Every structure is written in C-alpha cells, then in structure tokens.
Amino acid sequence: SAMCGQEFLEVLSDVVESWLPARACVEAAMAVREEVHSSGQVLRLSSGKLPWRGHIFDIERELGIEGHIKFIVYPEEPGLRWRFRWGGPFPSTRSSRGRSLLYKSPLPA
C-alpha cells in the first residue's frame, strides 16, 4: 500500500506540474491563434517543454475545429531558434506531428 501511495503521488505531481500547465499553454495559444496567422491554423506556444501534443487534439475537438491546426511553433532557444511542427489534418495522423523543422531566425514573441 505504501508503494501504491507513492505511485499515486507521482501521478498527481505529474498532472499538477506538467499536464495542467501544458493544457493552459495550449488553451492560451488557441485563444490568440488568429493573431499569429489570420487563418488561425498556426499555434505559437510559449514553451515546447511541456506535454502539449495531446491537448491540441482534445481542444480542437472541444472547439469543434478538429484538424484545423496545421502548424505548431515554439521556442527551442528563446530569442534564437524556433521549432516548427506540422500539426497534421486529422487525429489519426498523430505520428505526423513528430516531424519538425528548426528555424534559426527569431520570430516576434
């Protein structure tokens, strides 16, 4: 039972310290996506160090815009390099989101 309690605390810690902040990051990016590009198909995340990938599909579904996000942009080195990921048109193409491209020119924050 002590082992179960420890595992529970680890899962709870991950949810509080990683999963919830990642969801908030994606929600914030979704809210301003049309300011990044008029199509609303580009998300600019404030960080790529959080587990944001699954949240994009979930929030697209919640907003009724499944497959709308085509590109995800986030700083790899703030002020120096940005990483671009292809969002893929459908949730079934989750593996496609793994493709990335480094862009070495700074983008506006």
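Please read these numbers as outputs of a predicted model, since none were measured by experiment. Heavy-atom basis, side chains included; hydrogens, waters and symmetry copies ignored.
For L9, the side chain to side chain contact (heavy atoms under 4.5 Å, CB included) criterion is met by no residue, not counting sequence neighbours. For V36, the side chain to side chain contact (heavy atoms under 4.5 Å, CB included) partners are V42, R44, not counting sequence neighbours. Every side-chain hydrogen bond (donor to acceptor under 3.5 Å, both in side chains) that Q6 has, sequence neighbours left out, goes to E10. In terms of the side chain to side chain contact (heavy atoms under 4.5 Å, CB included) criterion, residue partners of P51 (sequence neighbours excluded) are, by chain and number, S18, A22. S13 pairs by the side-chain hydrogen bond (donor to acceptor under 3.5 Å, both in side chains) definition with E17, not counting sequence neighbours. Legend: residues meeting side chain to side chain contact (heavy atoms under 4.5 Å, CB included) with E62, ordered by chain and number and at least two apart, are R23, D58, I59.
Between H55 and L50 there is no side-chain heavy-atom pair separated by less than 4.5 Å. Under the 4.5 Å side-chain criterion, counting only non-hydrogen atoms from C-beta, I72 is not in contact with R53.
Both L43 and Y74 are members of a single hydrophobic cluster when ILVMFWY side chains are connected at heavy-atom separations under 4.5 Å.
Once rounded to the nearest 0.5 Å, the distance linking CE of M30 with CD1 of I65 reads 4.5 Å. Rounding to the nearest 0.5 angstrom, the gap separating the CH2 atom in W19 from the CH2 atom in W52 is 16.0 Å.
Considering all non-hydrogen atoms of both residues, C25 and S46 come closest at SG-OG, 3.5 Å. Counting all heavy atoms, side chain and backbone alike, G40 lies closest to I69 at O-CD1, 3.5 Å.
H68 places a side-chain N or O within donor-acceptor distance of the main-chain N or O of S39, the cut-off being under 3.5 Å.
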